[in-house]
Amino acid sequence: MTEYYKWKVIGILAAVAVSLYILVPTLFNLKSVADSEYAAPAGLARYFPKKGINLGLDLRGGLYLEMEVDLNEAVKNRVDVLITEIERILPQKDFPGLALARVAKTSRVRVFLPADKRSLFLDQLRENFGDVLDPVLAPTEINFQIAGGGDLADLLQKVAALLKEQNIPFADVERGGADNVLRIILGQPGTHEPVLQKIKASPLGASPLGTQLTPLPSSDYTVLQMTPEYVQHLHEMTLKQAVEAVRNRIDRYGVAEAGIQLQGEDRIIVEIPGVKNPDRVIDVIRKTGLLEFRLVDDSVESQAVSDHINEAREKNKIPEGYSKEIVDKINEGLKGKIPEDDEILFELTRDPITKEVVNGTPYLVKKRADVTGDMLRTAQVGVSQNEPHVNLSFNKIGAKNFGDITKSNVGKRMAIVLDGVVSSAPVIKEAILGGQAQITLGYGSYQSLLNEAEDLALLLREGALPASLTIATKTLIGPSLGADSIRSGINSMLFACAVIFLFMLGYYKLGGLLANMALILNVLFIFAILALFQASLTLPGIAGIVLTMGMAVDANVIIFERMREEKRLGKTAKSIVESGYEHAMSAIIDGNLTTLIAGIVLYQFGSGPIKGFATTLMIGILTTLTTAVVVTRVVYDYFIYKRRVNRIII
Amino acid sequence: MAPNNNNLAAAPAENTGFPFMKWKWHFISISIVLGILSVTFMIERGLNLGVDFRGGIKLVYKFKEPTGDGRIRGLIEGLNVGDVQVVRFGVETENSFLIKIKQQEGREIVKEIMARLNQTLGPDGFTLLSEEMVGAKVGADLRKRGFFAMGLTWLLMLVYIGWRFDFLFSPGAIVALLHDVIISLGFFVFFGKEFNLPILAAVLTLIGYSVNDTVIIFDRIRENLKKLPASVPLSDLVNRSVNETLSRTVITSLTVLFAMVVLFLFGGGVIHDFAFFMVVGAIVGSYSTIFIASPVYLAFNRLFPHRGLVRGIGKR
């Protein structure tokens, strides 16, 4: 009698009972397994687990999104806020003529102020913003005098290309103040010298013909830079906030069971099962609700603005459209044509039926937003005179800034910018001092305006998401494909089972029957473990189970072949079984461990459905070892020791 | 279970005793030819990378009326979206097609295609089964991770076999494994199938399966090395081990093959290609286990005779 015989029997029976118990919701609710909803018979229901097997998105149908959070944008926005804060906190009388400006594409701020005030300013800064901003001592940019003329835009591109070619870290190449000054913003402080050398050595610096660049002395201003710790902190906070915002939005949109998680350094994964209108969900998630109130600059004629844009589009071969990339390119092309602290943003006109963008109206607006979404306290839908609108109320800073700006700009227009798109640009009728404002929407049917107002308010309520989200990958599985997949998955599982059954039975007779029993238990255990840990069953997961079924019998095949060898040697039943199992063990363990290694690597590197495959494969290997080795052995032991059978049919 | 006095038993078949090691060069030649063909195919046609690895848009539509890929391609090419690939998805009766397109900045290609199909086939003429969009950056990322995973699995197998057996066994397993992956991929490329994430999963699985198969024979070689007298020449010993495990190799390969063929026929479009790869892989994997792994082990043993598990060479 093998050791622990009794305990093995008890263990196996217990495992079967527990598995069946766990699978009750799945088994008794086969139809609605597809929805993963559980509606057990009343009364008895409370004695059973609530959840069946958790079906993956590919079986249920649904939407899988991987979104990238624009962390640079978060830094940029925070620099804007810091500038406002510095201006607010520093005593105005001590720093007459203080001016602050964000440096494009970096986390730096330029500070212009009289030289005798510099040390006082830095003292104040250290006191109030010591852990956020540091003064940069080394030069962070180089200005060049351009001689020989030529096309400035072309020159900027050439210099940028040169730097890129030489692998020199640089943040930007731009027009520096005057028309004949070119500015290189260094990517890392301290790379001043090498950049200078490279330019000098290049045709641009040396050639007496054509364009020539001569370095100008370093500018007379201080540069502040966000500390690396703070940038790190900002990234973390932004991601956390973005996840929260996405979750809130999806929740408020009314989708239950959405899975949201962080992946890698800047990605958010969203899984929404069985979604009916994916485009609207994506819209709601993605709109960052980055709300800005920016003054419209009316100093340039709108006709002139349009002309400049058309010119820039033609010259730089910018494709049609108004996406973020395209608007950025247009602004790139407009450098020098419009005031430096302005940029172009568009208000989009949509076809009322197809909802496609048909036109964009350009607005020349201030780059800096004086009021942003994080200064917003609430946003609610209101209806007056049968017209839906959005009511806003601001917090203390917001109310103050909003009051200041509206007071001194009555009669001008204020663009309400959402995600870099002008949603409207109402004229400021009066100074808005109480911190309450109202956005009225365009024209349309009552229902569509109400929808629009609701969506807008929903976004605004989350507060400003500090960065925009771009969709990195999107997978949409239609419900019909999901249902088809379940059907074909189950069919192939049953069919594969049947084929293997017959084969094993035919080849090994009674031994085959035993292996088949083990196979059934194996599948039962796999499903039970899946349900227990609520791991997702995906279609590749079903493939994994089918593959496991094919391989599961392997352990038994190895054992049976061994037993046949022993039998050929004319041994007794007892010793056939004993040495059969004993000799087969090392091969079984080595064989299965190698497959397990592949499974672990797959799990580690796969995503979504592939992980599902790896999961079932790994579970399958573990259950196979139990059922094929332990269960079959117990049965043999029973017949040999308890029933004294002395012939093994194999 | 059998009653006590039952004495029915099939007479055990004797081991086939096929002289595998004697014929090894024939089989190795076949493999080399197949391998060269596969590599040629791969170089010439390239791995047809799916959108998972390259970035782009993949759409699967099911059509009500039977239709051909030419018609769909024609419809979409009219939209001027650049390179379009249209291939049948799953088996013919499913009447589904997979459309692959590159992403274009500032355009909503999926909506355009939807509108076009709507226009010509009517809203009831087709259903969108799935839509997949992968950004170029993510694609490159997945590609990198995928190939890293492949390399890692490979390395782990090498280490595992070296640790559990003997480092002279590792090359055999590795050669067999490369053999399987290359030839299966060759078949795959030959049939114009797309290399995507599920196929990468299939490759990793095949690696696991192939090594599994090989390990069982190695296990027997290891056992025989300890058991048989040193006078038995190594090539005979290997041949004997292969023959002893032959029925097991064939039976397990058959059950896996059955399972994968079933999956190929009934699993539906999504895992059609996965199953295809595994069917080829199961056949090639079993073949290499018998005809490639063991001769390579033998060859390495001749190259690096050493003590331990290894015995004297050339005592014939």
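Order of the sequence lines sets the chain letters (A, B, ...), proteins ahead of strands, with each chain counted from 1.
Here CZ of A:Arg562 is found 9.5 Å from OG1 of B:Thr245. Values are rounded to the nearest 0.5 Å. Here B:Trp163 contributes atom CH2 and B:Leu156 contributes atom CG; the two are 12.5 Å apart, rounded to the nearest 0.5 Å. The distance from the OG atom of B:Ser241 to the CG atom of B:Asn224 is 4.0 Å, given to the nearest 0.5 Å. One distance of note links CZ of B:Phe165 with OG of A:Ser586; it measures 7.0 Å at 0.5 Å rounding. Distance check: B:Asp273 CG to B:Ile199 CD1 gives 5.0 Å after rounding to the nearest 0.5 Å.
Between the B:Asp52 side chain and the B:Leu197 main chain, a donor and an acceptor come within less than 3.5 Å of each other. No donor-acceptor distance shorter than 3.5 angstrom exists from the side chain of B:Ser210 to the backbone of B:Gly285, with no hydrogens or angles considered.
Using a 4.5 Å cut-off between heavy atoms, B:Met278 touches chain A through its side chain atoms alone. Interface remark: A:Ile471 contributes backbone and side-chain atoms alike to the contact with chain B (heavy atom separation under 4.5 Å). Interface remark: A:Tyr603 contributes no atoms to any contact with chain B (heavy atom separation under 4.5 Å). Heavy-atom distances place no part of B:Phe218 under 4.5 Å from chain A, backbone and side chain included. Of the atoms belonging to B:Leu254, it is side-chain heavy atoms, and not backbone ones, that fall under 4.5 Å from chain A. Proximity to chain B (any heavy atom under 4.5 Å) is restricted, for A:Ser485, to the side chain, taken from C-beta onward. Within the 4.5 angstrom heavy-atom criterion, atoms from both the backbone and the side chain of A:Met551 approach chain B. Interface remark: A:Val553 contributes side-chain atoms only to the contact with chain B (heavy atom separation under 4.5 Å). Contacts between A:Phe560 and chain B at a heavy-atom distance below 4.5 Å are absent for every atom of the residue. Only the side chain of B:Asp219 comes within contact range of chain A, with heavy atoms under 4.5 Å apart. Proximity to chain A is limited to the side chain of B:Val215, based on heavy atoms less than 4.5 angstrom apart. Proximity to chain B (any heavy atom under 4.5 Å) is restricted, for A:Phe503, to the side chain, taken from C-beta onward.
Highest contact tally toward chain B, considering only A:Ile490, A:Thr594, A:Asn592, A:Asp590, is held by A:Asp590 [criterion: heavy-atom pairs under 4.5 Å]. Heavy-atom pairs under 4.5 Å with chain B peak, among A:Arg267, A:Glu66, A:Arg487, at A:Arg267. Chosen from A:Ile542, A:Leu617, A:Ile500, A:Val601, the residue pairing most often with chain B at heavy-atom distances under 4.5 Å is A:Val601. When the candidates B:Ala149, B:Ala202, B:Gly146, B:Gly135 are compared by the number of heavy-atom contacts under 4.5 Å with chain A, B:Ala149 comes out ahead. Between chain B and the options A:Ala598, A:Gly489, A:Gly478, A:Gly591, the largest number of non-hydrogen pairs under 4.5 Å is found for A:Gly591. Between chain A and the residues B:Glu132, B:Met150, B:Lys62, B:Lys58, the most heavy-atom pairs under 4.5 angstrom are made by B:Glu132. Between chain B and the options A:Met493, A:Met549, A:Glu68, A:Gln604, heavy-atom pairs under 4.5 Å are most frequent for A:Glu68. Of all the listed residues (A:Ile597, A:Ile600, A:Thr470), the one sharing the greatest number of non-hydrogen pairs under 4.5 Å with chain B is A:Ile597.
With respect to B:Glu244 and B:Lys227, no salt bridge is recorded, no charged nitrogen being found less than 4.0 Å from a carboxylate O.
For B:Tyr61 and B:Glu131, the side-chain atoms include no donor-acceptor pair closer than 3.5 Å.
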### Query
Can A:Arg313 and A:Ile326 be said to form a side-chain contact (heavy atoms from CB on, under 4.5 Å), step by step?
CA-CA 9 Å; A:Arg313 269 191 196 268; A:Ile326 291 176; 4.2 Å; yes
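Ring-plane geometry between B:Phe63 and B:Phe126 is classed as tilted, the angle between the planes lying from 30 to 60 degrees on a 0 to 90 degree scale.
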